[in-house]
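A short worksheet on the structure shown next.
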Amino acid sequence: MSIRIGILGYGNLGRGVECAVEANPDMELVAVFTRRDPASVKIWSQGVPVVSVKDVADWQDKIDVMILCGGSATDLPKQTPEYVKYFNVIDSFDTHARIPEHFADVDKAAKESGHLGIISVGWDPGLFSLARVYSNAILPDGKDYTFWGKGVSQGHSDAIRRIKGVKDAKQYTVPVESALEAVRSGSNPELTTREKHTRECFVVLEDGADAAYVENAIKTMPNYFDEYDTTVHFISEEELQRDHSGLAHGGFVIRSGATGHEKEHKHIIEFSLKLDSNPEFTTSVLVAYARAAYRLAKEGQTGCRTVLDIAPAYLCAQSGEELRAHLL
Ligand code: NDP
């Protein structure tokens with residue numbers, strides 16, 4: 001019998017889960033849940049119902065794992081502890097500083113209801129977290145570096161759109177190549193925020209807006225841009241649509257360490273991702289962890305987990321025997 005998947009929230013990730021489930025023959029998509037009027041939400045999958053979240057409790061016996069696709073800022077802190085009361089759940093919560101708090105909320109609700117929740121699944125947090133943990137365990141004497149990009153930062157693009165006179169905008173985070181090379185050389189450089197990444201902005205102005213004002217407002221924006229070297233390009237709406245509507249992203253996690261009695265031997269562990277579609281890749285990770293949630297719940301496990309708690313074999317459709325024969 002296939003693993004019955006539900007999607008809660010139909011944005012970029014919701015659409016990505018549809019593709020990812022299709023790519024995994026041991027899974028089937030059962031329903032999509034939304035806070036909007038279901039009649040207004042057109043989904044890609046044929047024959048799959050779109051249901052109001054108000055009716056979600058009626059689906060408890062029909063779904064093995066609910067993949068929560070809400071936003072990290074305000075949706076998931078409420079949705080994950082709420083829906084783990086009814087289902088085993090997976091989320092992609094990515095507000096790193098608030099993960100311990102979110103874990104505690106989900107753990108309590110999951111234990112009370114007898115379900116399993118895996119939080120902060122994706123690539124960062126997610127696969128990058130695994131890379132950091134493996135390499136720290138293996139090279140206790142060393143230094144960690146994470147670089148993001150080149151890719152679109154939704155938060156920074158939104159921040160630009162809130163400036164007076166801006167009609168639309170896209171912001172790319174770009175790793176500085178010379179900094180990457182310095183890290184790869186094993187010299188363990190101390191890098192400032194400015195030395196690691198630059199920010200590149202493509203901005204469409206409202207008619208009659210003051211370009212100099214907008215450029216200055218971007219470059220001096222505290223927390224978002226003031227600590228970076230930022231380039232601002234003013235372009236037309238057509239150019240933004242044509243050249244900047246993609247959702248590519250990626251990055252590098254590097255640990256540079258040393259072994260030997262005199263720390264004379266240097267080692268570099270590097271894990272990198274180059275993603276054509278951030279949401280399609282993120283949801284490919286989410287469904288692999290949905291398989292793990294399904295299996296762990298079948299074993300009777302309850303409570304909250306992160307990617308750090310899940311053994312790799314639980315992610316794969318193949319049996320242990322097949323994995324040992326081909327992937328070990
Ligand atoms: P979206 O903004 O596309 O969707 C978020 C929610 O907004 C949806 O669940 C949906 O809920 C609602 N929504 C979507 N489209 C519309 C619309 N047209 N009108 C009204 N409401 C809409 O976010 P993403 O899917 O791109 O990302 C979700 C989260 O995933 C991000 O906040 C990010 O933190 C996280 N993420 C984590 C990653 C990781 O590596 N851990 C990587 C990438 C993302 P509803 O259907 O109920 O209205």
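What you see is a predicted model; the values in this text were computed from it and never measured. Note that ligands are numbered from 1 as they come in the structure, with each ligand's atoms numbered from 1 the same way. Every heavy atom of this structure was used, including side-chain atoms; hydrogens, water molecules and symmetry mates were not.
Between Ala73 and ligand 1, not a single N/O pair is under 3.5 Å apart. For Pro125, a nitrogen or oxygen atom sits less than 3.5 Å from a nitrogen or oxygen atom of ligand 1, counting backbone and side chain alike. For ligand 1, none of its N or O atoms has an N or O atom of Asn278 under 3.5 Å away. Polar contact with ligand 1: present for Ser72 (N/O pair, distance under 3.5 Å). For ligand 1, none of its N or O atoms has an N or O atom of Ser120 under 3.5 Å away. Residue-to-ligand polar distances keep Asp75 apart from ligand 1: every N/O pair is separated by 3.5 Å or more. For ligand 1, the polar-atom distance check against Leu13 finds a nitrogen or oxygen pair separated by under 3.5 Å.
In terms of protein heavy-atom proximity, atom 7 (O) of ligand 1 is closest to Arg35 NH2, 3.9 Å. Atom 33 (C) of ligand 1 has Asp94 OD2, 3.4 Å as its closest protein atom, hydrogens excluded (heavy atom only). In terms of protein heavy-atom proximity, atom 40 (O) of ligand 1 is nearest to Trp123 N, 2.8 Å. From the protein, the heavy atom lying nearest to atom 18 (N) of ligand 1 is Arg36 NH1, 3.7 Å. In terms of protein heavy atoms, atom 45 (P) of ligand 1 is closest to Thr34 OG1, 3.4 Å. Atom 38 (C) of ligand 1 has Thr282 CG2, 3.9 Å as its closest protein atom, hydrogens excluded (heavy atom only).
Classification of Asp158 and Arg162 as a salt-bridged pair fails, no side-chain N sitting under 4.0 Å from a carboxylate O. Contact check on Lys196 versus Glu227 returns no salt bridge, with no Lys/Arg side-chain nitrogen under 4.0 Å from an Asp/Glu carboxylate oxygen. Comment: Arg184 engages Glu181 in a salt bridge, judged by a side-chain N to carboxylate O separation of less than 4.0 angstrom. Using a cutoff of 4.0 Å between basic side-chain nitrogens and carboxylate oxygens, Arg199 and Asp229 are not scored as salt-bridged.
A donor-acceptor contact closer than 3.5 angstrom is absent between the side chains of Ser157 and Gln171. No side-chain donor-acceptor contact under 3.5 Å links Tyr228 and Glu195.
Residue Cys69 approaches ligand 1 through these ligand atoms, each under 4.0 Å from one of its heavy atoms: 5 (C), 8 (C), 9 (O). Listed by number with element, the atoms of ligand 1 under 4.0 Å from a non-hydrogen atom of Gly122 are 39 (C), 40 (O), 41 (N).
Between Phe128 and Trp123, the angle of the ring planes goes over 60°, which puts this pair in the perpendicular group of the 30/60° scheme. Relative orientation of the Phe87 and Phe33 rings is tilted, given thresholds of 30° and 60° on the angle between their planes.
Within a 4.0 Å radius of atom 15 (N) of ligand 1, the protein contributes one or more non-hydrogen atoms.
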Going through the distances and angles, do Lys170 and Glu239 end up as a salt bridge (charged side-chain N to carboxylate O under 4.0 Å, His left out)? CA-CA 11 Å; Lys170 268 279 160 73; Glu239 285 171 309; over 6 Å; no
Check step by step if side chain to side chain contact (heavy atoms under 4.5 Å, CB included) holds for Tyr145 and Asn188. CA-CA 9 Å; Tyr145 297 88; Asn188 286 5; 4.0 Å; yes
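Which of Ser129, Gly70, Gly11, Ser92 comes nearest to atom 28 (C) of ligand 1 through a heavy atom is settled by distance: it is Gly70. Nearest-heavy-atom check against atom 1 (P) of ligand 1 across Ile7, Val53, Asn12, Asp37 picks out Asn12.
Residue contacts with ligand 1 do not include Gly14, since none of its heavy atoms lies under 4.0 Å from the ligand. By the 4.0 Å heavy-atom criterion, Val121 is counted among the residues contacting ligand 1.
If you chain together hydrophobic residues whose side chains sit under 4.5 Å apart, Val232 and Val174 never meet in one group.
In terms of modelled atom types and a separation under 3.5 Å, the side chain of Thr283 and the main chain of Leu286 share no donor-acceptor contact.
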